[in-house]
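Let me begin by presenting the structure, written as structure tokens, before commenting on it.
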Amino acid sequence: MERISRRSALKTMGFLGCATGCLAGGLMAGAAPFSGPETAMAVTAGRFAQKDAPFSWKPHVLDAKVSAPVAYDGYWHQGYGCGYGVFYAIVGVMGEQHGAPYNQFPFTMLEVGKSGISDWGTICGALLGAASAFALFWGRKDRDPMVTELFRWYEQTPFPVYDPGTDARGVPGALPTSVSNSPLCHVSVGRWCQASGFAEKSKERGERCARITADVAVKAIAIMNAKQAGTFAVAHGDPASVTYCGKCHGPGKESPLLKGKMDCTPCHSGSPHTADKFKNHP
Ligand code: HEC
Ligand code: HEC
């Protein structure tokens, strides 16, 4: 079987689970990748020990009603887009209310998230902005469930929800909604354009993404506020595909090739072991 022999070939070459990690390790001049005493020391001394490295900024509770219109306006401001809008609505508003260090952040850095990172349509930039804000305050163990709740909610929610009312900068009035089943800009935008009939470069699509920027800021702030109150819990469960397909696909399973947690259905059909695995493409 061709598939099995391809897997054996990868194993023999020592690539499995190493494709990115080992390359990055190899690029760190003079450092033994992932082993030796430098790894433990690096956290407290020398390289990687710069100010504020270990997620040490202190979060503050925010009012989502204040931040939602800021996120919406931030999307349109200089055309900086969704990643900037969400991040500014969180960290920028903290800066407006509490000063340093929040107001010292170079917020335009998050402009890179626009259109799924520099027009690539990968991760929705609004999600990048929110996850990046979480990462200023919480390390992986606390943050990962927060990101999971945000991304699952995004996969499952009919967007857009936010209504800027008379302040609409794009198109006033209600817009059609769609569920993306995906955290990816490409899928989220593509499905909305298909459902609404509007082109990707239309004013309506821009307005839709501006409203989603507010939606993601509101949800991210709810998560952050709950986390600070000690009441945060993951409320949006895994979709059926992740539970079902995950029985066999995943680390330690019979098919240990799977990376990630995304809903499988936008890209693989319900019967992936047949020829129609990319059912959405004719
Ligand atoms: C009962 C176990 C099982 C379940 C459930 C299962 N798979 Fe698989 N799948 C396998 C095995 C075994 C292979 C072949 C080995 C491999 O490629 O790792 C495979 C192969 C695949 C492949 C590669 C197929 C090809 O043509 O190369 C894809 C894609 C895939 N599965 C996706 C899915 C998705 C999506 C789901 C859920 C809808 C799913 N699988 C559910 C066991 C399962
Ligand atoms: C954004 C699209 C996307 C999503 C979401 C996605 N996949 Fe995939 N997956 C792909 C693509 C593209 C490949 C590479 C397929 C290829 O080259 O044959 C792949 C490869 C795989 C493979 C290895 C196939 C092989 O050739 O052996 C498995 C197994 C798999 N996916 C299962 C899953 C499961 C299970 C989920 C959900 C938990 C999932 N995928 C989610 C697009 C996706």
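In each ligand, atom 1 is the first atom listed, and ligand 1 is the first ligand listed. Because only heavy atoms are used, hydrogens play no part in the values below, and waters and symmetry mates are left out as well, while side chains stay in.
Considering backbone and side-chain N/O of H268, one or more are found under 3.5 Å from N/O of ligand 2. On a distance-only criterion, S241 and ligand 1 share no N/O pair closer than 3.5 Å. Ligand 1 has an N or O atom lying under 3.5 Å from an N or O atom of H249, backbone or side chain.
Applying the 4.0 Å criterion to heavy atoms of C267 picks out, from ligand 2, the atoms 1 (C), 2 (C), 3 (C), 4 (C), 5 (C), 42 (C), 43 (C). Atoms of ligand 2 lying under 4.0 Å from at least one heavy atom of D263, given by number and element, are 5 (C). Residue-ligand proximity, L257 to ligand 2, at heavy-atom distances under 4.0 Å covers atoms 27 (O). Within the listing of ligand 1, atoms 1 (C), 2 (C), 3 (C), 4 (C), 5 (C), 42 (C), 43 (C) sit less than 4.0 angstrom from a heavy atom of C248. Near L258, with a cut-off below 4.0 Å to any heavy atom, the atoms of ligand 2 are 32 (C), 33 (C), 34 (C), 35 (C), 36 (C), 38 (C), 39 (C), 40 (N). Taking a cut-off of under 4.0 Å to the non-hydrogen atoms of S255, the atoms of ligand 1 that pass are 16 (C), 18 (O).
Look at K114 and E111 and you find no salt bridge, because none of the NZ, NE, NH1 or NH2 atoms lies under 4.0 Å from a carboxylate O. Here R211 pairs with E207 in a salt bridge; the nearest charged N to carboxylate O distance falls below 4.0 Å.
If you look at W138 and F232, their ring centroids are not closer than 6.0 Å.
Contacts between L184 and ligand 2 below 4.0 angstrom, taking non-hydrogen atoms only, involve the side chain exclusively. Contacts with ligand 1 closer than 4.0 Å are made by no heavy atom of K247, backbone or side chain. For M262, heavy-atom contacts with ligand 2 shorter than 4.0 Å involve the backbone as well as the side chain.
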Report all side-chain donor-acceptor pairs from residues 117-127 shorter than 3.5 Å, counting only partners two or more places apart or in another chain.
{"from": "D119", "atom 1": "OD1", "to": "S115", "atom 2": "OG", "distance (Å)": "3.1"}
{"from": "T122", "atom 1": "OG1", "to": "G116", "atom 2": "O", "distance (Å)": "2.8"}

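Residues satisfying the salt bridge (charged side-chain N to carboxylate O under 4.0 Å, His left out) criterion with D263, sequence neighbours excluded, are absent altogether.
Using modelled atom types and a 3.5 Å distance limit, the side chains of H236 and Q156 yield no donor-acceptor pair. Using a 3.5 Å distance cut-off with no hydrogens or angles, the side chains of T157 and W153 do pair a donor with an acceptor.
Test V70, V86, V218 against T213 for side-chain contact (heavy atoms from CB on, under 4.5 Å) and you get one pass: V86.
The closest approach between T265 and ligand 2 stays at or above 4.0 Å for every heavy atom of the residue.
At a cut-off of 2.8 Å, C245 is not counted among the residues with an N, O or S atom near atom 8 (Fe) of ligand 1.
Under a cut-off of 6.0 angstrom, the local environment of CD in Q97 is crowded, with over 12 non-hydrogen atoms contributed by other residues, nucleotides or ligands.
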